[in-house]
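First up is the structure itself, then whatever we jot down about it.
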Amino acid sequence: MDKNFFITTPIYYPSGKPHMGHAYSSIVSDVIARFKRLDRYNVEFLTGTDEHGLKIQRAAEEKGLDPKKFCDELSKTFRDLSKTLNLSNTDFIRTTEDRHIKSVQNLWKILENKNQIYLSKYSGWYSVSDEAFYSDNEIKEENGINISSISGSKVEWVEEESYFFKLSEWENKLLKFYEENPKFILPDTRRNEVLSFVKGGLKDLSVSRKSFSWGIKVPSNKDHVIYVWLDALTNYISALNYPDTKNNKYKNYWPADLHMIGKDILRFHAVYWPAFLLAADLPPPKRVYGHGWILSGDEKMSKSKGNILDPLEIVDKYGLDSLRFYLLKEVSFGNDGSITQEKLESCINSDLANNYGNLCQRVISFNEKNYNLLVPDNINFEKEDLKLLNKVSDNINTLRSYIDNQELSIYSNFIIDCLFEANKYFNDQEPWKKKSDVVRLNTIVYVSLEIIRKVSILLNPIIPDTSLKVLDIFNLKQKDINFDTIKDNKFLKPNSNIKKIGILFKKIDKND
RNA sequence: GGCGGGGUAGCUCAGUUGGUUAGAGCGCGGGACUCAUAAGCCCGAGGUCAGUGGUUCGAUCCCACUUCCCGCUACCA
């Protein structure tokens, strides 16, 4: 039986350039996607851009560009980001694509036919830059213009006809759904927030706009465009060829296993999205995970504070795998985390250079001097050898459960722990003193090579480039990198050739 | 205001279904070694586990109150 897994990142609004938050959502999703592939799942991994709305329309007008042309440029920077971050996404969806427009309009018609959408009127203070409505008491006047007292951005009074989705009808059905699916929203603290929000009562949701035109037209009324969430969220099924629910992609991959998102868009994914789907008689996704934010030091990154760490600059300066590793290992997953150059440098030096890099270096170099780059033959495992190797082999299911519960920090720390033990093993066994005991010496070197192989496979989802570089010294190909070979304590063929290895991670001199 | 989460070593965080000496990494001090990117290994210093009171033979872990931080939400208007 085929094992299928569908994971998504949010689709990103391309009105600014990609920032660390985008990079983080994408990288953690990629780690999970890659892990599931190691475990021989067919993985569909979706990312993309959300391109409609007044903000984009106005920005395009200012530049005198056709909005679609404008979006082509913006979307490309996010497509490029996927490449820069070495994402293994299998698709990249844009909300301006025909497949998506068709999908959204179809979902709309179904909701309309099921009497879930009605025409009424909306009024309120609207901020274009925040894309949010504010109530009267959230507005103040400054220098003769009205601004939001929350965000400080300019607001305008909007009064217009709008279609509404009958969200209020879904309160109890959603609560029942949450109860029956206790792990639908993770982490638990986010789940609590959603629950108390829904229990507080749901109002019908405005799902169309007349005030601008850059969007997907309401099928039955060309004066309206479909408003943001009903448009954007639907991307997850558009990419599976919805409304054709009989095709293999949809059949294999929906409902999605995991929507990975930032905590700021949790409500839309955990309340509106399942309500839309239930209302259309479609199954909701299996899980929504709202991860934390990456702060610069202990502050939110912002232009005014000048503390923005651009992911592209970081990758350029420190290398992609260093950034990926840092975000996985150093951020307690689910909580907010922070990144600074100092912490990143310290992480690179301790974990990647001294611990992992140096382990590879010392073992390969020892092998070269004593075995001329051949895997030792004539070995005999003793207790301490098996203890080290089985630390990985015996814990495959535990590792699977870490990933399936999005316990990414625990997964990362398990690997670090293996590295410490491997270094300690090599130290304690003192192979440089065992040259007269040939079988023992063979075994120590063999075990050391094996543990490097195993750990490098575990690291593959996190630092794919470096992992492949290390596994290449054993002449392993992609097909050898999976959870079947990882269990094997004698995967390496005696007397086979291995390759020399260069410096994996250069130490960073703090005086630079 | 309501609800929720949290305050554990200099820093980042684990943990304890209540039970003799509370853990890891980084940083710091010392030691032995030499295969290695002056890396790795060993030892050590450092914590009244936010405060007060209670339950208990016994609380960092349970309860109450206080205080500080964060999130969600509401409203005073």
Could you give the [atom1]-to-[atom2] distance, from [X] to [N], as a whole number of Å?
X        : N     : atom1 : atom2 : answer
A/Phe325 : B/G25 : CZ    : P     : 14 Å
A/Lys263 : B/C70 : NZ    : P     : 11 Å
A/Phe366 : B/C33 : CZ    : C1'   : 14 Å
A/Asn354 : B/G25 : CG    : P     : 14 Å
A/Ile451 : B/G40 : CD1   : P     : 18 Å
A/Leu202 : B/A74 : CG    : P     : 11 Å
A/Leu344 : B/C26 : CG    : C1'   : 14 Å
A/Ile503 : B/A36 : CD1   : C1'   : 9 Å

Check: A/Tyr289 ring centroid to A/His259 ring centroid under 6.0 Å: no
A/Tyr163-A/Tyr118 aromatic ring centre distance below 6.0 Å: no
Between [M] and [N] - [atom1] atom distance, rounded Å:
N     : M     : atom1 : answer
B/C28 : B/A9  : C1'   : 12 Å
B/C65 : B/G27 : C1'   : 38 Å
B/G51 : B/U60 : C1'   : 13 Å
B/U8  : B/A14 : C1'   : 10 Å
B/U37 : B/G46 : C1'   : 30 Å
B/U48 : B/A64 : P     : 26 Å
B/C57 : B/A32 : C1'   : 47 Å

Is any side-chain N of the basic residue among [X] and [Y] closer than 4.0 Å to the acidic one's carboxylate O?
X        : Y        : answer
A/Lys387 : A/Glu384 : no
A/Glu450 : A/Arg453 : yes
A/Arg400 : A/Asp404 : no

From NZ (A/Lys454) to CG (A/Leu388), nearest 0.5 Å: 9.0 Å
Runs of at least three Watson-Crick or G-U pairs with RNA chain B, cut-off 3.5 Å: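 Paired runs of 3+ in RNA chain B: B:1-7 with B:67-73, B:10-13 with B:23-26, B:28-31 with B:41-44, B:50-54 with B:62-66.
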Closest nucleotide among B/U37, B/C26, B/C35 to the A/Leu504 side chain: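 Looking only at heavy atoms from C-beta outward on A/Leu504, the closest nucleotide is B/U37.
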Touch class at under 4.0 angstrom, heavy-atom based, for A/Lys369 against every strand present: sugar-phosphate
Side-chain touch A/Lys329/A/Ser409, heavy atoms, less than 4.5 angstrom: no
In [range], which residues come under 4.0 Å of RNA chain B by heavy atom?
range                       : answer
residues 380-402 of chain A : none
residues 355-363 of chain A : A/Gly357, A/Asn358, A/Gln361, A/Arg362
residues 411-446 of chain A : A/Phe420, A/Asn423, A/Lys424, A/Phe426, A/Asn427, A/Asp428, A/Trp432

A/Phe474: ring pair (Phe, Tyr, Trp, His ring centres under 6.0 Å) partners, not counting sequence neighbours: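 In terms of ring pair (Phe, Tyr, Trp, His ring centres under 6.0 Å), with neighbours along the sequence ignored, A/Phe474 is linked to no residue.
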Under 4.0 Å protein heavy-atom contacts per nucleotide of nucleotides 3-15 of chain B, with B for base, S for backbone only and - for none: -S--------SS-
Stepwise salt bridge (Lys or Arg N to Asp or Glu O under 4.0 Å) test for A/Asp472 and A/Lys499: CA-CA 8 Å; A/Asp472 182 59; A/Lys499 294 175 188 161; 3.1 Å; yes
Salt bridge (Lys or Arg N to Asp or Glu O under 4.0 Å) assessment of A/Glu160 paired with A/Lys121: CA-CA 6 Å; A/Glu160 64 182 40; A/Lys121 215 173 188 184; over 6 Å; no
Candidate list A/Phe276, A/Trp229, A/Phe197, test ring pair (Phe, Tyr, Trp, His ring centres under 6.0 Å), partner A/Phe268, passing option: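 Option passing the ring pair (Phe, Tyr, Trp, His ring centres under 6.0 Å) with A/Phe268: A/Trp229.
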